[in-house]
Each structure stands twice: as C-alpha cells, then as structure tokens.
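All chains are named by letter (A, B, ...) in the order of the sequence lines, taking the proteins before the strands, and each is independently numbered beginning at 1. Computed from a predicted structure; not experimentally measured.
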Amino acid sequence: MAAKNTAKALKKAPKKTAAKAPKKTAAPGVPHNAWLIKSEPHVFSIDDLARDGKTAWEGVRNYQARNFMRDEMAEGDLALFYHSSSDPSGVAGIAEVASAAYPDPSQFDPQSDYFDAAATPEEPRWFLVDFKFVERFPAFVPLAALKARSDLEGMAVLQKGQRLSIQTVSDAHLKVVLAMGKAKTKLK
DNA sequence: GCCAACGTTGGC
DNA sequence: GCCAACGTTGGC
C-alpha cells in the first residue's frame, strides 16, 4: 500500500500526556460534507487512485486531520483531490469517502514509516477512512487559478500558512472548483 | 534551495 | 505550564 503522507514516522514513543483531548475544530452541529485531501503526486496521485479504485488513506499523523476522518467524515462525502508540492500544485480530481473510520494499520507496523510505538490495537491513536475514485478533472485546477477567484475567498487551502493535509470545503466553494475543473460530478 | 508558518517535544 | 528548539510542510 502506497503511503499518502510523507511525514516521517514518530521517532520516539511520545509520552502518554502527549495524547491530548481532541479539540473541536468545526462549529458544533454544522456538518461538513465536503473536503480537500492533499497528496504529493509522486507518492500517490489521482491516477494512482484511478488505477486502484479505492485506497486506505494511511499515514495521517496530525490530530486535527485525524479528527476530521474519525469524527466528521461520512460515507458519500466528496473530497477535492489536491496535488501538493507539485508543479503546479492544484486540484486534480474528486474522491469520495468510502468507509467509516477505522484504526490506521500502519501505526502498528514496526516496518512502516508511520509506525507509532505508543499506539496499541486496544488503544489506537490514528484513524483513517477509505477513499474511492470518482473522477479526474478534465481540466486540472492550479493553485494560482484558485487564488485568482474572488468567489473562493476564505477557502482553507488558500490561507497563508495552511499546512493541514485534510481540510473542510464549503458547498459553495466545492461548486466553484467543480466548475473550474469541468467536472461531471454534480453536488447532490 | 529557501524559508515562513506551525505543530510537537522536552528542559526547566 | 512556559517557551525555545526542533522538525515538517509546502509554496515559491
């Protein structure tokens, strides 16, 4: 299984106190049903997802991103598939949440870059969902094109210093990006 | 390759 | 519990 995130595995077992209570990042009661997921295309691209059909989104080692997958994603949610650290970076297509959240198996694998010595099957630390391929955009949407749109103002991926590998996307912004990519996918 | 931004670690 | 040091992300 290809790793989706290039963050190095935790080198040491973090102290127990390092596992802080998850902070709520979304407004309570407001469902987020659209997402943006980042992947470096040389590691795992939209074409890799097209080839595999479905994949486990392994290797996320950020609590906020984990919480999105564990607590807020639902099967059927759409996600913009974003190619990061690329030339150019931008949105390459659409994926869909294809499972409930479950423990990321790579955290238990000492051979994996994503091994976490502090995680146990009884007390997993990292969760993931499966994503399935929906479509590759007929027109790749570069970051610069997103930035040029006033109707995408406030979109998380455009915020300075935004590094989170999983982000929420409003329906309005999703609609705009789908149109920019000439997507066949329509909002339900 | 640079470096700003940010999350995590660990000394105190 | 503070906060400096460190490591990573990711655009440029």
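If you check dC6(B), dC12(C), dG10(C) against the side chain of S84(A), the one that comes closest is dG10(C). With dG10(C), dC6(B), dG11(C) as the choices, the nucleotide that has an atom nearest any side-chain atom of L143(A) turns out to be dG11(C). The listed nucleotides are dG11(C), dA5(B), dC12(C); the one nearest the side chain of S85(A) is dG11(C). Across dC12(C), dG11(C), dG7(B), the shortest atom-to-atom separation from the side chain of K147(A) is found for dC12(C).
Taking the ring centroids of W126(A) and Y63(A), they lie under the 6.0 Å cut-off. Taking the six-membered ring for Trp and the full ring otherwise, the centers of W57(A) and Y102(A) sit at least 6.0 Å from each other.
If you take CG of D87(A) and P of dG11(C), they are 11 Å apart, rounded to a whole angstrom. The NE2-P distance, from H83(A) to dC12(C), rounds to 17 Å in whole Å. Atom C1' of nucleotide dA4(B) and atom CD of Q162(A) are separated by 14 Å, given to the nearest angstrom. Spacing between atom CG of L146(A) and atom P of dC12(C) amounts to 11 Å, rounded to whole angstrom units. In this structure, CH2 of W126(A) is placed 13 Å from P of dG7(B), rounded to the nearest angstrom. With rounding to whole Å, Q64(A) atom CD is found 18 Å from dA5(B) atom P. Computed from coordinates, the K160(A) NZ to dG10(C) C1' distance equals 12 Å when rounded to whole Å. Distance CG (N62(A)) to P (dT9(C)): 10 Å, rounded to an integer number of Å.
Atom NZ of K54(A) and atom CZ of F131(A) lie 12.0 Å apart (nearest 0.5 Å).
Shown here are the salt bridge (charged side-chain N to carboxylate O under 4.0 Å, His left out) partners of D48(A), two or more places apart in sequence or in another chain: R51(A).
A close approach under 4.0 Å does not occur between any side-chain nitrogen or oxygen of K38(A) and OP1 or OP2 of dT9(C). For the pair Y63(A) and dC6(B), the criterion of a side-chain N or O lying under 4.0 Å from OP1 or OP2 is not met.
Inspection of the T185(A) and E135(A) side chains reveals an N or O donor paired with an N or O acceptor under 3.5 Å.
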